[in-house]
Amino acid sequence: MDQPHPGTAHEALEMLVGHWLGTTELAASPWGPARTAKAEVTFTRAAGGLAVVQTYRHTEPDGTHFEGHGVFTVDPDHGETLWYFVDSMGKPPEAPARGAWHDAKLTVERHSDRGTARHTFRVDNGTLIHTTELRLGDAHDYSPFMTSVCRRA
């Protein structure tokens, strides 16, 4: 059996690899008021370079926290980047988020019965920026939900 080899999309994920510290700005939403939390993100190579594992945690000033774990990989048949993500909110994803790289920016969308979450990841001048926008229910437009800005630790 021929072993798969990492390709261009896998190589693009390399820019995320490392340990990052910073803040997450959360917009007012059905899950709480606008607020700022301390953020910590780690991306690690896995599966012979065919995946990158993500660990995310943010801690709010009152000590409460949110955490999530993700796996990025590439769909070899379509070239799309896939993101499997589970978090401490307890509702598992129905399918992986799918997306692509454009101008050193990864954009993936996760669709569920609740709506669509669009995530954008980029590294700009040594700063990791992860934004999330939501389109809930019948909404036509996305609304900002969170922005994490972190630097390598």
Side-chain angles (χ1 to χ4, degrees), residues 6 9-76 80-102 104-137 139 141-153:
H10 296 100
E11 293 166 3
L13 288 168
E14 282 291 316
M15 77 172 65
L16 301 174
V17 172
H19 186 177
W20 305 81
L21 298 173
T23 59
T24 296
E25 298 289 333
L26 294 131
S29 73
W31 302 280
R35 59 207 185 275
T36 301
K38 291 182 183 178
E40 180 175 5
V41 189
T42 302
F43 294 94
T44 309
R45 284 176 212 86
L50 295 174
V52 170
V53 176
Q54 171 196 28
T55 299
Y56 170 85
R57 180 181 177 98
H58 76 237
T59 305
E60 302 195 29
D62 67 1
T64 59
H65 72 277
F66 169 88
E67 63 183 82
H69 302 277
V71 176
F72 291 89
T73 191
V74 176
D75 179 337
E80 291 177 299
T81 298
L82 305 177
W83 183 38
Y84 298 87
F85 190 78
V86 295
D87 61 42
S88 58
M89 296 294 287
K91 188 160 179 133
E94 295 174 12
R98 290 182 167 269
W101 291 89
H102 297 287
K105 178 171 57 173
L106 173 63
T107 301
V108 295
E109 289 189 356
R110 180 189 349 253
H111 304 276
S112 76
D113 59 349
R114 296 167 295 183
T116 301
R118 180 170 57 196
H119 297 264
T120 303
F121 297 85
R122 65 186 167 98
V123 177
D124 188 14
N125 292 322
T127 301
L128 169 68
I129 303 163
H130 171 193
T131 60
T132 305
E133 300 169 291
L134 301 177
R135 190 174 65 210
L136 300 175
D141 297 319
Y142 284 93
S143 297
F145 176 63
M146 66 168 251
T147 300
S148 295
V149 178
C150 300
R151 300 210 38 96
R152 288 190 195 275

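Note that these values count all heavy atoms, side chains included, but never hydrogens, waters or copies made by symmetry.
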Inter-residue atom distance D62.CG - R35.CZ, 0.5 Å rounding: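 If we round to the nearest 0.5 Å, D62:CG and R35:CZ are 9.0 Å apart.
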Verdict with supporting geometry, H119 and T132, side chain to side chain donor-acceptor pair (under 3.5 Å): CA-CA 5 Å; H119 297 264; T132 305; 3.0 Å; yes
Validation row, ring centre Y56 to ring centre F85 under 6.0 Å: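 No, ring centres 6.0 Å or more apart.
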Worked check of side chain to side chain contact (heavy atoms under 4.5 Å, CB included) between L128 and F43: CA-CA 11 Å; L128 169 68; F43 294 94; 3.7 Å; yes
Nearest non-hydrogen partners of A27 and P144, listed with the distance: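 Shortest heavy-atom contact: CB-O, 3.5 Å.
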Heavy-atom donor-acceptor pair, T73 side chain to L50 backbone, under 3.5 Å: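 Here the side-chain-to-backbone pair exists.
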Greater than 12 external heavy atoms within 6.0 Å of D113's CG: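 Result for CG/D113: enclosed.
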Reference residue R98; test side-chain hydrogen bond (donor to acceptor under 3.5 Å, both in side chains); the match among T81, D75, T107: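 It is D75, the one option of T81, D75, T107 that forms the side-chain hydrogen bond (donor to acceptor under 3.5 Å, both in side chains) with R98.
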Within-4.5 Å side-chain heavy-atom neighbours: M15 and R122: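 No - every pair of side-chain heavy atoms lies 4.5 Å or more apart.
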Residue R135 excluded, over 12 heavy atoms near CZ under 6.0 Å: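 Buried by this count: over 12 neighbours within 6.0 Å.
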Geometric class of the F66/H58 ring pair [parallel <30°, tilted 30-60°, perpendicular >60°]: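 Because their plane-to-plane angle is under 30°, the rings of H58 and F66 count as parallel.
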Heavy-atom check, side chain of K38 versus side chain of R57, under 4.5 Å: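 The answer is no, as the side chains (C-beta and beyond) never meet within the 4.5 Å cut-off.
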Separation of C150 SG from H130 NE2 (nearest 0.5 Å):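 Atom-to-atom, H130:NE2 and C150:SG are 10.0 Å apart.
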Main-chain N/O of S112 paired to R114 side chain as donor or acceptor, under 3.5 Å: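 Not confirmed, R114 side chain does not pair with S112 backbone.
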Reported NE2-to-OG1 distance for the pair H69 and T42, which is rounded to 0.5 angstrom: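 OG1 of T42 is found 10.0 Å from NE2 of H69.
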Heavy-atom closest contact (A37 atom, E60 atom, distance):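 Closest pair (atom of A37, atom of E60, distance): CB-CG, 3.9 Å.
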Minimal non-hydrogen separation, P96 against L82, with atom names: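 In this case the closest contact between P96 and L82 is CB-CB, 4.3 Å.
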W83 side chain reached by L106 side chain, heavy atoms, under 4.5 Å: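 A side-chain contact under 4.5 Å is absent here.
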Separation of E133 CD from T116 OG1 (nearest 0.5 Å):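 Those atoms lie 11.5 Å apart.
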Nearest-0.5 Å distance, NZ of residue K105 to OG1 of residue T131: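 Taking NZ in K105 and OG1 in T131, the distance rounds to 8.0 Å.
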Reported CD-to-CH2 distance for the pair E40 and W20, which is rounded to 0.5 angstrom: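 Result: 13.5 Å between the selected atoms.
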